[in-house]
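Report on the structure given below.
Just so you know, these numbers use all the heavy atoms, side chains as well, and skip hydrogens, waters and symmetry mates.
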Amino acid sequence: MTQTNYIGIDIGGTKVHIGVVQDGQIINEVRFETSAQAPQEQILGELVRHIQLMLDTADMAGIGIGVPGLVDEQQGVVHNVQNIPSWREVRLKEHLSGHFAQPVYMTNDANAFAVGEKIFGQGQPYANLVGITLGTGLGAGIIINHDLHAGVLSSAGEFGCIPYLDKTVEDYCSGKFFAQQYQQEGGALHALARTGDARALEALASYGRHLGNVIKMILHTLAPEAIFLGGSVSHCYEFFREAMEASIREFPFRLVTDRLVVAPSELRNAAVLGAAALCKMKQELSPATPQTLPL
């Protein structure tokens, strides 16, 4: 039986990663530097050339793209891509469809992470989940009834922008927290925590308490069955888990938290897998259009 292949594309401000995904595994891939300061047309040309290399290797069922910016998924337009000044309004779907006889699906990168976790990761058993990316910023993707809830311009799940204490959630629950509060990068504190350094251990515990508070916000608004954590800061999970869980236990509805699963993602190359999973979800798992009942 022929395996279904998808192309997953992670477009970042500094690099692009393209992979051919088959049954949740990347079987071919290419990475290249983004010409971030170049005109829009040049960057699009580079993207097309590298996609063509992937298309030459196997039959494809679709192209999925995750982008760090606002995305009009229906029209296929990308707005304000981070760190690429010329990408303010790019008709990316139309451009790629004009070159390749493939269906093209797009969303923002945090949404793609959540879809990847749902289709290829630990999220498969759950109808309702949230995927949170913890890196230089904080983003989130929301799965409701087995489907992606992207919202207007793919902007649902921007919990990092919510006011929190004297700043925002992102200031306390991303890598910014360590730089602002401890004047060190998260990776350095993680390394120190492994040696038993008391200051580093307290920094990560403090981070966990703040993250637990944000998870309680998510429980109040969405009540998911599971929350999966990705991004560079999630690699510190063993050091912030206890404080995070203590904070979550303060949630007023014990029956909700007793059923909640919170875990770090086990996906490698989650961004590319998530973009490919978007194709699979849209083609196979999206619920059928409901019939209109007669009045």
Side-chain angles (χ1 to χ4, degrees), residues 10-13 64-85 87-90 92 105-118 123 128-145 147-180 186 207-208 210-234 244 247-248 260 262 264-265 270-271 274-275 277-278 281:
D10 172 36
I11 298 178
I65 308 170
V67 187
L70 298 176
V71 180
D72 184 330
E73 296 186 7
Q74 284 66 45
Q75 299 300 317
V77 180
V78 178
H79 300 270
N80 305 323
V81 176
Q82 297 175 22
N83 300 322
I84 305 180
W87 277 37
R88 289 293 170 258
E89 186 175 326
V90 182
L92 186 56
Y105 306 93
M106 300 160 47
T107 192
N108 79 16
D109 51 356
N111 287 344
F113 167 69
V115 173
E117 200 63 51
K118 168 61 183 169
N128 305 288
L129 66 88
V130 173
I132 306 177
T133 56
L134 307 169
T136 54
L138 183 147
I142 301 166
I143 304 295
I144 298 176
N145 293 330
D147 204 358
L148 173 66
H149 175 72
V152 175
L153 293 179
S154 200
S155 62
E158 293 296 336
F159 301 110
C161 298
I162 295 174
Y164 176 71
L165 299 179
D166 58 329
K167 295 180 180 179
T168 68
V169 163
E170 186 167 277
D171 289 295
Y172 285 89
C173 295
S174 73
K176 292 181 181 179
F177 174 71
F178 305 114
Q180 293 174 357
Y207 177 87
H210 292 302
L211 183 59
N213 288 340
V214 175
I215 289 174
K216 286 182 288 189
M217 294 181 193
I218 294 172
L219 292 178
H220 277 300
T221 54
L222 295 170
E225 301 157 80
I227 296 174
F228 297 103
L229 309 176
S232 58
V233 183
S234 70
M244 177 196 73
S247 178
I248 293 171
L260 177 68
V262 180
S265 174
L278 183 67
M281 172 176 278

Under 3.5 Å donor-acceptor, Thr133 side chain and Gly139 backbone = yes
CD1/Ile218 to CD1/Ile132 distance, rounded to the nearest 0.5 angstrom?
-> 3.5 Å
Go through the steps for Val78 and Ile11 under the test side chain to side chain contact (heavy atoms under 4.5 Å, CB included), then give the verdict.
-> CA-CA 11 Å; Val78 178; Ile11 298 178; over 6 Å; no
Checking Glu170 side chain against Leu138 main chain: does a donor-acceptor pair fall under 3.5 Å?
-> yes
Here the gap from Ile215 atom CD1 to Ile248 atom CD1, rounded to the nearest 0.5 Å, amounts to 4.0 Å
Indicate the ring-plane relationship of Phe177 and Tyr172, choosing parallel, tilted or perpendicular according to the 30° and 60° boundaries.
-> tilted
What's the spacing between Leu92 CG and Met106 CE if we round to 0.5 Å?
-> 4.5 Å
Under the 3.5 angstrom rule, does the side chain of Asp72 hit a backbone N or O of Val77 as a donor-acceptor pair?
-> no
Minimum heavy-atom distance between Phe159 and Val169, given as atom pair plus value = O-CB, 3.3 Å
Flag the pair Glu73 / Asn111 as yes when at least one side-chain heavy-atom distance between them is below 4.5 Å, and no otherwise.
-> yes
What pair of heavy atoms forms the shortest contact from Ala114 to Gly131, and how long is it?
-> CB-N, 4.0 Å
Please round to the nearest 0.5 Å and tell me the distance separating atom CG of Asp166 and atom CG of Asp171.
-> 8.0 Å
Could you tell me whether the side chain of Tyr105 reaches within less than 4.5 Å of the side chain of Met281, counting heavy atoms only?
-> no
Given side chains that start at C-beta, do those of Ser265 and Leu229 come closer than 4.5 Å, heavy atoms only?
-> no
Taking all non-hydrogen atoms of both residues, which atom of Leu219 and which atom of Pro224 are closest, and how far apart?
-> CD2-CD, 4.0 Å
Check against side chain to side chain contact (heavy atoms under 4.5 Å, CB included), Leu211 and Leu134 = CA-CA 10 Å; Leu211 183 59; Leu134 307 169; 4.0 Å; yes
Validation row: Ser155, Val71 side chains within 4.5 angstrom (heavy atoms) | no
Can you see which heavy atom on Ala275 is nearest to which on Gly66, and at what distance?
-> CB-N, 3.9 Å
Ile142 CD1 to Asp147 CG distance, which is reported to the nearest 0.5 Å = 12.5 Å
Which pairs pass side chain to side chain donor-acceptor pair (under 3.5 Å) with one or both residues in residues 218-234, sequence neighbours excluded?
-> Asn128-Glu225
State which residues pass salt bridge (Lys or Arg N to Asp or Glu O under 4.0 Å) with Glu158; sequence neighbours excluded, sorted by chain then number.
-> none
Which atom of Phe178 lies closest to which atom of Gly186, heavy atoms considered = CD1-CA, 3.7 Å
Quick one: does Ile143's side chain get under 4.5 Å of Val115's, heavy atoms only?
-> yes
Could you tell me which non-hydrogen atom of Gly116 sits nearest to which non-hydrogen atom of Ala277, and how far apart they are?
-> CA-CB, 3.8 Å
Between NZ of Lys176 and NZ of Lys167, what distance do you get to the nearest 0.5 Å?
-> 9.5 Å
